[in-house]
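Owing to the predicted nature of the structure, the values given are computational and were not obtained by experimental measurement.
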Amino acid sequence: MISGKNCILKRINLCFFALLFLVSCKQEEQLVPESMNKPIPVVEQFGFKYNDFTVSNDTVQSGDTFGSILGSQNLDGKRVYDITEKVKDSFDVRIMRIGKPYTIFRTKDRYQKIQAFVYQPDRGTYYVIDFRDSIHVTKKTRPITIKTRTIAGALDGSFSEALQKQKVDVSLAGKITKIYAWSIDFFKLKKGDKFGVTFTERYIDDTIYDGVDSLKAAFFEYKGKKIYAFPFEQKIGSGKQEYFDENGKTLKNFFLKAPLKFVNITSRFAKSRFHPVQLIWKAHKGTDYAAPTGTPIMTTASGVVEQTGYTAGNGNFVKVKHDRTYSTQYLHMSKILVRRGQRVNQGDVIGRVGSTGLATGPHVCYRFWKNGVQVDPLRLNLPSSESMDKRNLSRYMQYMQPLKNTLDSVAQARYKK
């Protein structure tokens with residue numbers, strides 16, 4: 001009797017576990033097909049479908065060569081040599097640089113045979129070395145899209161910081177400071193000074209950001225006045241652009257505002273100043289700009305190097321004659337980079353900041369002569385470069401006005417926020 005009951009209980013348990021197993025399997029059948037049926041996204045780049053290959057991405061390391069990279073793909077030395085010889089007219093293996101990316105496509109079978117090698121010297125260009133069928137090289141350039149953007153704002157620090165806040169490549173700051181080098185001392189801009197900029201940016205394949213392309217229009221508030229800048233080609237087809245304000249007046253003066261890109265005036269031109277080394281009162285016939293040792297010193301105008309040398313007071317110095325009227329001199333250099341008689345252009349680096357001669361720290365003393373007399377350049381109304389040809393003024397105004405309207409409109413909307 002007991003044995004019969006046990007037999008019945010065993011049958012019930014077996015039925016229960018069988019039912020549990022069937023339910024579990026049913027749940028798995030419901031879950032697995034749903035996930036398995038999801039379409040695998042197709043990834044395609046460089047003309048290859050990644051799904052069809054085993055793909056590896058890497059960068060050129062120190063010591064890597066085209067040959068050594070191929071050698072790591074189960075190719076013997078003779079095969080690597082033959083490939084290198086075959087592609088050398090289309091792909092110069094010496095252009096490969098450390099840090100540049102490359103991609104290798106291999107078969108998905110157990111042999112993992114190399115099918116293609118892709119090298120990217122820059123973001124806009126790539127070489128495809130295809131090993132399928134016959135070996136051949138293709139150089140391809142990704143399409144570049146140019147997009148125009150206008151921003152405006154008020155300074156709360158440096159101009160570079162203002163650009164960063166609006167997610168703009170800070171290289172634009174360098175372009176703009178160069179354009180305004182004759183009109184604005186960027187170290188005299190104050191918190192709250194307003195600016196507006198229209199510029200173009202490059203995009204590869206319409207999606208990959210590739211930096212600032214060109215400046216289309218700008219304005220800065222400087223000493224209570226808006227100073228506009230618009231590029232314009234006076235001679236159509238020449239490719240030479242100059243920058244003018246809203247009235248067609250050139251921004252480029254005969255002299256730069258200072259011999260350094262980033263400066264700090266520590267001592268001005270004065271009839272009487274207490275000399276920090278000699279400890280006496282005497283005239284200071286120059287303007288001192290403090291900067292770290294090694295900072296590049298630029299000639300403020302084109303001319304011919306009249307003198308170079310060293311004296312106990314001036315240290316290493318360079319003097320440049322610009323024309324019959326003007327000359328400039330640069331003192332206390334750590335290094336002189338030009339020679340006497342050499343022709344130099346405005347903005348050329350002629351030496352580096354130092355503290356040679358009578359100096360308490362690294363700086364450049366900038367001296368300025370007019371008709372043989374030392375004067376204060378900061379008080380002079382210095383000559384401008386060639387102005388706009390009157391015959392081009394009408395064409396310039398038609399070109400400039402829409403740019404100015406856009407700039408002013410965006411700036412006005414920004415300041416209302």
Heavy-atom distance under 4.5 Å between the side chains of N314 and Q329, does that happen here? yes
Any donor and acceptor pair, going by atom type alone, linking the side chain of S68 with main-chain N or O of D64 inside 3.5 Å? no
Please report whether the ring centroid of F159 lies less than 6.0 Å from that of F220. yes
Which pair of heavy atoms, one from H332 and one from T356, lies closest together, and at what distance? ND1-O, 2.7 Å
On a heavy-atom basis, which atom in V338 and which in I336 lie closest, and how many Å separate them? O-CG2, 3.4 Å
Would you mind checking if K147 and D213 are paired as a salt bridge, meaning a charged N to carboxylate O distance below 4.0 Å? no
Closest approach of T299 to N345 (non-hydrogen atoms, all atoms of both residues): CG2-O, 3.1 Å
If we only count heavy atoms from C-beta on, is the S238 to E233 side-chain gap below 4.5 Å? yes
Minimal non-hydrogen separation, G196 against L407, with atom names: C-CD1, 3.5 Å
Please confirm whether the backbone N or O of T59 pairs with a side-chain atom of Q61, one donor and one acceptor, at under 3.5 Å? yes
Closer than 3.5 angstrom, by distance alone: can the side chain of K100 be matched with the main-chain N or O of P121 as a donor-acceptor pair? yes
Can you check whether Q342 reaches I350 side chain to side chain, under 4.5 Å on heavy atoms? no
F368 vs T287 side-chain heavy atoms within contact, under 4.5 Å: no
If we ignore hydrogens and angles and just use 3.5 Å, is the side chain of N247 paired with the main-chain N or O of K249 as donor and acceptor? no
Answer yes or no: is there a donor N or O on one side and an acceptor on the other, between the side chain of K108 and the main chain of N51, under 3.5 Å? yes
Ring centroids only, cut at 6.0 angstrom: are Y222 and Y180 within range, meaning strictly under it? no
Are side-chain heavy atoms of S302 and R343 found at a separation under 4.5 Å? yes
Between D408 and Q412, is any side-chain donor less than 3.5 angstrom from a side-chain acceptor? no
What are the two closest non-hydrogen atoms of I83 and L70, and how far apart are they? CG2-CD1, 3.9 Å
Testing the 3.5 Å rule here: is there a donor-acceptor pair between the side chains of N392 and Q234? yes
At their closest point, which heavy atom of Y310 faces which heavy atom of F317, and how far apart are they? N-CE2, 3.7 Å
Regarding D169 and S171, do their side chains bring together a donor and an acceptor under 3.5 Å, going by distance alone? yes
When you measure from the side chain of T207 to the backbone of Y203, do you find a donor-acceptor pair of N or O atoms at a distance under 3.5 Å? no
Can you tell me if Y81 has over 12 outside heavy atoms packed within less than 6.0 Å of its OH? no
So CD1 of I227 and CD1 of I184: to nearest 0.5 Å the spacing works out to 4.5 Å
With distance as the sole test, does R367 use its side chain to make a donor-acceptor pair with the main-chain N or O of T328 at under 3.5 Å? no
With a 4.5 Å heavy-atom cut-off, do T325 and K370 have their side chains touching? yes
On the 0 to 90° scale, with breaks at 30° and 60°, tag the Y330-Y366 ring pair as parallel, tilted or perpendicular. tilted
Using 30° and 60° as the class boundaries, would you call the ring planes of F105 and F53 parallel, tilted or perpendicular? perpendicular
Aromatic ring centroids of F244 and F230 under 6.0 Å? no
Taking C-beta and beyond as the side chain, do L215 and K175 meet within less than 4.5 Å on heavy atoms? no
Check: residues 129-137 side-chain donor-acceptor pairs under 3.5 Å, at least two apart:
residue, atom, partner, partner atom, Å
D130, OD1, R132, N, 3.0
D130, OD1, R132, NE, 3.0
D130, OD2, R132, NE, 3.4
D130, OD2, R132, NH2, 2.8
H136, ND1, S134, O, 3.1

Can you tell whether the side chains of D82 and K78 come within less than 4.0 Å, N to carboxylate O? yes
R352 side chain to K335 backbone, donor-acceptor under 3.5 Å: no
Does the side chain of T65 come within less than 4.5 Å of M96's, by heavy atoms? no
Residue from F46, Y126, F66, F48 passing ring-ring contact (aromatic ring centres under 6.0 Å, His included) with F117: F66
May I ask you to check whether over 12 heavy atoms, not counting those of K216, lie within 6.0 Å of atom NZ? no
Can you check whether T300's main-chain N or O pairs, donor with acceptor, with Q346's side chain at less than 3.5 Å? yes
